[in-house]
Amino acid sequence: QVQLVESGGGLVQAGGSLRLSCAASGRTFSTYAVGWFRQAPGKERAFVAAVTTGGTIRYYSDSVKGRFTISRDNAKNTAYLQMNSLKPEDTAVYYCALGQYGSDDRQYVYWGPGTQVTVSS
């Protein structure tokens, strides 16, 4: 069993920044890839970013590439999503997930409850 808790969400003006954290329980954190996904009201959950188990390979959706950075600290069982140059269309509930490295949410088996990010214009 793995438990994930996201934090760091909030309200920010367009152009601002936020850093989300994902704290994971257990010693198996480093055996999973980490993915960040987001879901806006009325929309499907969408891929944001992923990082491999060792943190050396990263992948981003086109919509966030160049603005967001995913990272992880396996010693702290924590992953991060640094979000810069935020846009109103980034507004969503952001979820951290553990699973197989990729952009399909079906590849991820453990999910946090999400944290709200709201970007005002």
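Only heavy atoms go into these numbers, but all of them, side chains included; no hydrogens, no water, no symmetry mates.
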Closest contact, heavy atoms only, [X] versus [Y]:
X     : Y      : value
Ala50 : Gly102 : CB-O, 3.7 Å
Cys96 : Glu6   : N-OE2, 2.8 Å
Ala14 : Pro88  : CB-CD, 4.1 Å

Give a yes or no on whether Gln116 atom CD has more than 12 heavy-atom contacts from other residues, nucleotides or ligands under 6.0 Å away.
yes
Separation of [Y] [atom2] from [X] [atom1] (nearest 0.5 Å):
X     : Y     : atom1 : atom2 : answer
Ser7  : Arg19 : OG    : CZ    : 9.0 Å
Ser30 : Asp73 : OG    : CG    : 11.0 Å
Arg58 : Ser71 : CZ    : OG    : 6.5 Å

Under 3.5 Å: donor-acceptor pair, side chain of Arg45, backbone of Gln39
no
Has the side chain of Gln100 got a donor or acceptor atom that lies under 3.5 Å from a matching backbone atom of Gln107?
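Here the side-chain-to-backbone pair does not exist.
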May I ask you to check whether Ser17 and Asn84 show a side-chain donor-acceptor distance below 3.5 Å?
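Yes, because at least one side-chain N or O of Ser17 sits under 3.5 Å from a partner of the opposite role on Asn84.
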Under 4.5 Å side-chain linkage, directly or through intermediates, the cluster mates of Tyr95
Phe37, Phe47, Ile57, Tyr59, Val93, Tyr101, Tyr108, Trp111
Remaining members of Tyr110's ILVMFWY cluster at a side-chain heavy-atom cut-off under 4.5 Å?
Val2, Leu4, Val12, Leu18, Leu20, Phe29, Tyr32, Val34, Trp36, Val48, Val51, Tyr60, Val64, Phe68, Ile70, Leu81, Met83, Leu86, Tyr94, Leu98, Val109, Val117, Val119
Taking the side chain as every heavy atom from C-beta outward, state whether Asn77 and Ser25 have any atom pair closer than 4.5 Å.
no
If we only count heavy atoms from C-beta on, is the Arg38 to Ser63 side-chain gap below 4.5 Å?
yes
Side-chain ion pair, Asp62 and Lys65, N-O less than 4.0 Å:
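Salt bridge between Asp62 and Lys65, a charged N being under 4.0 Å from a carboxylate O: yes.
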Decide side chain to side chain contact (heavy atoms under 4.5 Å, CB included) for Ser120 and Leu11; before the verdict, give the C-alpha distance in whole Å, the side-chain angles of both, and the deciding distance to 0.1 Å.
CA-CA 7 Å; Ser120 64; Leu11 176 65; 4.3 Å; yes
Under the side-chain contact (heavy atoms from CB on, under 4.5 Å) test, residues paired with Ala46 that sit two or more places apart
none
